[in-house]
Amino acid sequence: MIVIDNFITDMGTLAEIAACEEFHKPKQWGWWDGWWAAQPQSMIEHIVQRIWGEQCPFPTADFPTTIAGFEYWTLAHEAKPPDRTGRPDSTSNGGDRLERHRDRDETLFARTGETKYPRIGAVFYPLDHHVKGGNLKIYDDDSDVSAYELIRPRYNRLVLFDSSVPHEVTPVIAGRRYAMAVNVWNYRIQPPSPRSDYGAARDS
């Protein structure tokens with residue numbers, strides 16, 4: 001795992017990110033073939049390029065020849081009680097937490113039951129949120145729930161980690177947590193079904 005604080009150092013870029021509506025919209029999923037195949041079409045894709053172009057953990061000879069592209073999504077978690085129907089408040093598109101899980105090809109799993117994992121993942125905190133709780137909790141393995149690392153959702157922090165290992169987002173106690181997550185895949189995955197609980201079982 002690698003944690004980089006103050007990842008984006010250009011103040012102009014940070015201002016553009018802060019003004020970007022993409023991070024305030026309801027949760028969204030996307031796929032990008034990568035900058036070697038297509039120009040970035042959104043601020044999110046610009047950040048994806050910045051992450052993997054600058055912090056590429058793969059050997060030069062291996063990247064990007066074995067990479068099919070990037071899965072990305074955004075979510076917000078907020079400390080608000082559920083409404084009268086028991087659903088999370090509509091201003092939060094991820095509830096107040098994210099249960100323990102592993103990132104996987106959700107469409108493949110739903111169709112065949114086969115489990116395939118991304119090659120590596122990343123989480124970036126793009127907005128200057130003021131939040132208590134909402135930590136990224138990454139477990140060492142499945143067998144010991146007491147062995148984990150806890151990473152605070154600090155503004156402009158980048159976390160690179162193996163997203164196939166168990167991880168979760170702890171409850172947000174106060175404020176609103178904004179994050180974008182990116183997984184690197186060796187093959188092109190299909191978008192999850194809108195009816196799936198993808199958004200409730202994915203993020204970081």
Side-chain angles (χ1 to χ4, degrees), residues 1-58 63-64 67-80 89-96 98 103 118-136 151-161 163 167 169 172 174-185 188-189 191-192 194 198-199 202-204:
M1 181 180 65
I2 300 172
V3 178
I4 303 172
D5 285 332
N6 300 313
F7 173 62
I8 295 177
T9 58
D10 177 63
M11 297 304 293
T13 300
L14 290 174
E16 289 181 28
I17 293 172
C20 181
E21 294 184 358
E22 289 178 280
F23 300 105
H24 297 271
K25 292 179 180 179
K27 60 192 174 195
Q28 55 182 330
W29 181 95
W31 173 269
W32 186 36
D33 292 328
W35 57 91
W36 55 90
Q39 291 294 314
Q41 299 297 311
S42 67
M43 177 56 72
I44 292 176
E45 291 179 358
H46 277 287
I47 296 174
V48 170
Q49 180 175 359
R50 192 124 182 193
I51 292 172
W52 298 109
E54 294 181 6
Q55 301 297 327
C56 177
F58 309 112
F63 188 86
I67 304 302
F70 306 91
E71 170 195 28
Y72 59 81
W73 64 97
T74 61
L75 277 177
H77 295 88
E78 187 171 23
K80 285 197 172 182
D89 188 278
S90 60
T91 60
S92 175
N93 60 36
D96 68 343
L98 186 66
D103 289 0
R119 186 161 180 179
I120 193 169
V123 176
F124 178 63
Y125 301 102
L127 300 181
D128 191 9
H129 52 196
H130 301 280
V131 59
K132 184 177 180 181
N135 298 305
L136 175 59
I151 300 105
R152 291 180 58 192
R154 184 175 295 168
Y155 168 53
N156 199 17
R157 168 174 278 179
L158 173 66
V159 183
L160 302 175
F161 74 108
S163 55
H167 58 283
V169 175
V172 173
R176 186 175 174 90
R177 175 191 187 270
Y178 294 95
M180 64 168 282
V182 188
N183 281 329
V184 180
W185 288 90
R188 186 184 181 99
I189 67 171
Y198 174 89
R202 302 290 297 278
D203 172 51
S204 302

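Basis for what follows: all heavy atoms, side chains included, without hydrogens, waters or symmetry-related copies.
Atoms CH2 and CD1, on Trp36 and Ile67 in that order, are 6.5 Å from each other to the nearest 0.5 Å. Interatomic distance, Phe23 CZ to Phe124 CZ, rounded to the nearest 0.5 Å: 7.5 Å. Taken to the nearest 0.5 Å, the CG atom of Leu160 stands 8.0 Å off from the CZ atom of Phe7. Rounding to the nearest 0.5 Å gives a distance of 8.5 Å between CE of Met180 and OG1 of Thr74. Here CG of Leu158 is found 11.5 Å from CG of Asn6. Values are rounded to the nearest 0.5 Å. With rounding to the nearest 0.5 Å, the separation of CG in Leu98 from CZ in Arg177 is 8.0 Å.
For His129 (side chain) and Ala76 (main-chain N/O), no donor-acceptor pair under 3.5 Å exists by modelled atom type. Looking at Gln41, its side chain does come within 3.5 Å of a backbone N or O of Gln39 through a donor-acceptor pair.
The two atoms that bring Ala79 and Val172 nearest to each other are CB-O, 3.0 Å, heavy atoms only. Of all non-hydrogen atoms in Trp35 and Gly53, the two that sit nearest each other are CH2-N, 3.6 Å. Residues Val131 and Arg176 share a closest heavy-atom pair of CB-O, 3.9 Å. Scanning both residues, Ala18 and His24, for their nearest heavy atoms gives O-NE2, 4.1 Å. The two residues Glu22 and Gln28 come nearest to each other via the heavy atoms O-NE2, 2.8 Å. Closest heavy-atom contact between Arg154 and Tyr125: O-CB, 3.3 Å.
Ring pair Phe70/Trp32 is tilted by interplanar angle, where 30° to 60° counts as tilted.
Within the 4.5 Å cutoff, no side-chain heavy atoms of Asp96 are placed close to those of His77. In this structure, Asp128 and Leu14 have side chains that are not in contact, with every pair of non-hydrogen atoms separated by 4.5 Å or more. Using a 4.5 Å heavy-atom cutoff, the side chains of Ser163 and Ile120 are not in contact. Side chains of Glu45 and Met43 form no contact here, defined as non-hydrogen atoms less than 4.5 Å apart. In this structure, the side chains of Asp103 and Glu71 stay at 4.5 Å or more apart for every pair of heavy atoms.
A side-chain contact (heavy atoms from CB on, under 4.5 Å) with Arg157 is found for one member of Val123, Ile151, Leu136 and no other, namely Ile151.
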